[in-house]
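In what follows, a single structure is set out as structure tokens and then discussed.
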There are 2 protein chains.
Amino acid sequence: MSTRHRHGKAAHDVAALHTEAASRLAAVGQRFTSNRRLLVDALARADHPLSIPELLEATGDVAQSSAYRNLSVLERAGVVAKVVTNDEWARYELTEDLTGHHHHLVCGSCGAVRDVVVPGDVEADLDRALAVLAKREGFELQHHRLDLVGVCKKCS
Amino acid sequence: MSTRHRHGKAAHDVAALHTEAASRLAAVGQRFTSNRRLLVDALARADHPLSIPELLEATGDVAQSSAYRNLSVLERAGVVAKVVTNDEWARYELTEDLTGHHHHLVCGSCGAVRDVVVPGDVEADLDRALAVLAKREGFELQHHRLDLVGVCKKCS
DNA sequence: ATGAGTGCAAAGGCTTTGCATTAGG
DNA sequence: CCTAATGCAAAGCCTTTGCACTCAT
């Protein structure tokens with residue numbers, strides 16, 4: 001367990017992840033090409049959202065423009081999500097229904113972002129409270145984003 | 001009450017806000033100039049984070065470069081905070097110790113951002129849980145950001 | 001007078017797009 | 001074959017910076 005990736009669901013199996021990604025791409029009339037597989041695999045390997053430079057390095061031989069274009073396609077297909085944390089670069093991660101719901105530890109000093117899972121009961125309480133709040137505000141709530149901002153171990 | 005701004009603390013009084021802003025600017029060796037006052041007042045009037053274009057319009061006659069530069073100064077002084085919501089423009093708001101802790105309703109359709117206050121007990125529970133989590137992760141927690149993402153009343 | 005602040009214009013840097021080439025079905 | 005995908009280079013767009021002018025102390 002401790003050596004396994006923290007993610008559950010489909011993502012614990014690379015083959016299943018590929019199947020799911022291909023399926024979602026097909027649903028919007030897109031193919032699961034080798035570049036897109038490289039990107040998805042790199043994101044699956046990481047335990048935190050990756051920036052474009054990180055993705056280019058992790059995938060090895062993908063053109064920058066292709067990375068941007070494919071991430072956009074994967075985003076439309078519901079396979080990846082863009083994360084913005086602060087003002088630096090955009091970061092990308094697999095969607096939560098592939099990796100499980102999680103939040104981010106954002107280091108205000110070095111900008112590093114790490115995934116973190118909040119206890120289920122806390123999430124449940126929060127979801128309940130936010131649902132009430134959204135209803136009161138006439139807002140159709142889809143999901144929430146919770147970032148913990150502070151200083152990471154390395155920077156302190 | 002219903003016709004007043006929802007913010008409490010120092011911000012309920014423009015004079016107090018100015019005094020506080022001037023004081024914080026002075027603390028970092030900066031002046032409270034007319035342009036900075038225009039920016040602060042515009043942010044105080046709004047009940048949501050403002051983008052640069054919105055700020056330029058709200059302030060009337062401030063050069064774009066001055067807006068960026070002054071917002072940067074005000075950010076360093078701890079008077080304003082930059083908010084990034086999604087991938088669009090950067091938005092700015094007064095810091096939470098001036099306006100009170102709040103969160104954001106982010107419309108995924110039109111990009112609008114509106115401030116919202118979560119019930120105190122929910123915040124308290126959340127703070128407690130996050131503190132435990134941060135400690136376990138060796139992360140020095142400073143604050144949290146919670147966005148409610150969905151579709152606003154106007155877009156649904 | 002003297003340094004900070006301002007505004008215009010130019011430069012930067014991440015991201016997007018045009019276009020010819022390549023590859024997958 | 002034929003359309004989609006790729007990669008290089010050029011263009012876009014928000015943001016930052018250089019520089020001369022103005023204002024406040």
Side-chain angles (χ1 to χ4, degrees), chain A residues 18-19 21-43 49-77 79-93 111 113, chain B residues 18 21-42 49-77 79-93 111 113:
Chain A
H18 286 183
T19 303
S23 164
R24 296 187 187 188
L25 282 166
V28 294
Q30 297 284 341
R31 303 175 190 161
F32 192 37
T33 65
S34 61
N35 270 353
R36 290 170 190 173
R37 184 159 38 245
L38 285 172
L39 291 168
V40 167
D41 287 347
L43 293 175
L50 298 179
S51 64
I52 293 290
E54 288 173 330
L55 271 170
L56 292 183
E57 199 200 330
T59 53
D61 209 36
V62 176
Q64 190 186 48
S65 61
S66 295
Y68 276 111
R69 247 188 298 237
N70 284 321
L71 287 166
S72 172
V73 169
L74 288 166
E75 194 180 2
R76 273 196 300 280
V79 176
V80 315
K82 189 189 278 192
V83 179
V84 278
T85 58
N86 49 37
D87 72 317
E88 53 178 33
W89 292 333
R91 291 171 178 276
Y92 298 85
E93 63 183 10
V113 179
Chain B
H18 286 183
S23 164
R24 295 188 188 187
L25 282 166
V28 295
Q30 297 284 342
R31 303 173 190 162
F32 192 37
T33 65
S34 61
N35 270 352
R36 290 171 192 174
R37 184 159 39 246
L38 286 172
L39 291 169
V40 167
D41 287 347
L50 298 178
S51 63
I52 293 290
E54 289 173 329
L55 271 170
L56 293 183
E57 198 200 330
T59 53
D61 208 36
V62 176
Q64 191 186 49
S65 62
S66 294
Y68 276 112
R69 249 189 296 240
N70 284 322
L71 288 167
S72 172
V73 169
L74 287 166
E75 195 181 0
R76 271 198 300 280
V79 176
V80 314
K82 189 189 278 192
V83 179
V84 277
T85 58
N86 49 37
D87 70 318
E88 53 179 32
W89 293 333
R91 292 170 177 277
Y92 297 85
E93 63 183 11
V113 180

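Letters A, B, ... are given to chains in the order of the sequence lines, protein chains preceding strands, and every chain is numbered from 1.
A straight line from CD of B:Gln30 to P of D:dA24 spans 17 Å, rounded to a whole angstrom. In this structure, B:Leu55 atom CG and D:dC14 atom P are separated by 15 Å, rounded to whole Å. A:Arg91 has its CZ atom 16 Å from the C1' atom of C:dT15, to the nearest Å. Rounded to a whole Å, the CZ atom of B:Arg36 is 12 Å from the P atom of C:dG7. Distance A:Leu71 CG to D:dT6 P: 11 Å, rounded to the nearest Å. Residue B:Arg37 contributes atom CZ, which lies 13 Å from atom C1' of C:dG5 at whole-angstrom precision. Computed from coordinates, the A:Glu54 CD to C:dC14 C1' distance equals 15 Å when rounded to whole Å. In this structure, the CG atom of A:Leu25 is 15 Å from the P atom of D:dA4, given to the nearest Å.
What you find for B:Leu71 and B:Val80 is that their closest heavy atoms are O-CG2, 3.6 Å. Of all heavy-atom pairs spanning A:Val28 and A:Ala77, the tightest one is CG2-CB, 3.8 Å.
Using a 4.0 Å heavy-atom criterion, one finds that B:Ser66 contacts the bases of the nucleic acid, with or without backbone contacts as well.
Looking at residues two or more places apart in sequence or on another chain, you find no salt bridge (Lys or Arg N to Asp or Glu O under 4.0 Å) involving B:Arg69. Residues passing the side chain to side chain donor-acceptor pair (under 3.5 Å) test with A:Arg31, sequence neighbours excluded: none. Contacts of A:Arg37 classified as salt bridge (Lys or Arg N to Asp or Glu O under 4.0 Å), with partners at least two apart in sequence or in another chain: none. Remark: A:Ala22 engages A:Phe32 in a side-chain contact (heavy atoms from CB on, under 4.5 Å) (not counting sequence neighbours). Evaluation of the salt bridge (Lys or Arg N to Asp or Glu O under 4.0 Å) rule for A:Arg91 yields A:Glu54, A:Glu88 as partners, not counting sequence neighbours. Applying the side chain to side chain donor-acceptor pair (under 3.5 Å) test to B:Gln30 and every residue at least two apart in sequence or in another chain returns B:Arg36.
Overall, the helix from C:dA1-D:dT25 to C:dG25-D:dC1 carries an axis bend of 30° between its ends, with five pairs at each end and the value rounded to 10°.
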### Message
For nucleotides 18-23 of chain C, give me one character per nucleotide, 5' to 3': B if any protein heavy atom sits under 4.0 Å from the base, S if the only such contacts are to the sugar-phosphate, - if neither.
### Response
B-----
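For B:Tyr68, no side-chain nitrogen or oxygen approaches OP1 or OP2 of D:dT16 to under 4.0 Å. Between B:Asn35 and C:dG5, a side-chain N or O to OP1/OP2 separation shorter than 4.0 Å is absent.
Distances were taken from every side-chain heavy atom of B:Gln64 (C-beta onward) to each of D:dT15, C:dC8, C:dT16; the shortest belongs to D:dT15.
The side-chain hydrogen bond (donor to acceptor under 3.5 Å, both in side chains) analysis of residues 57-68 of chain B, with sequence neighbours excluded, yields no pairs.
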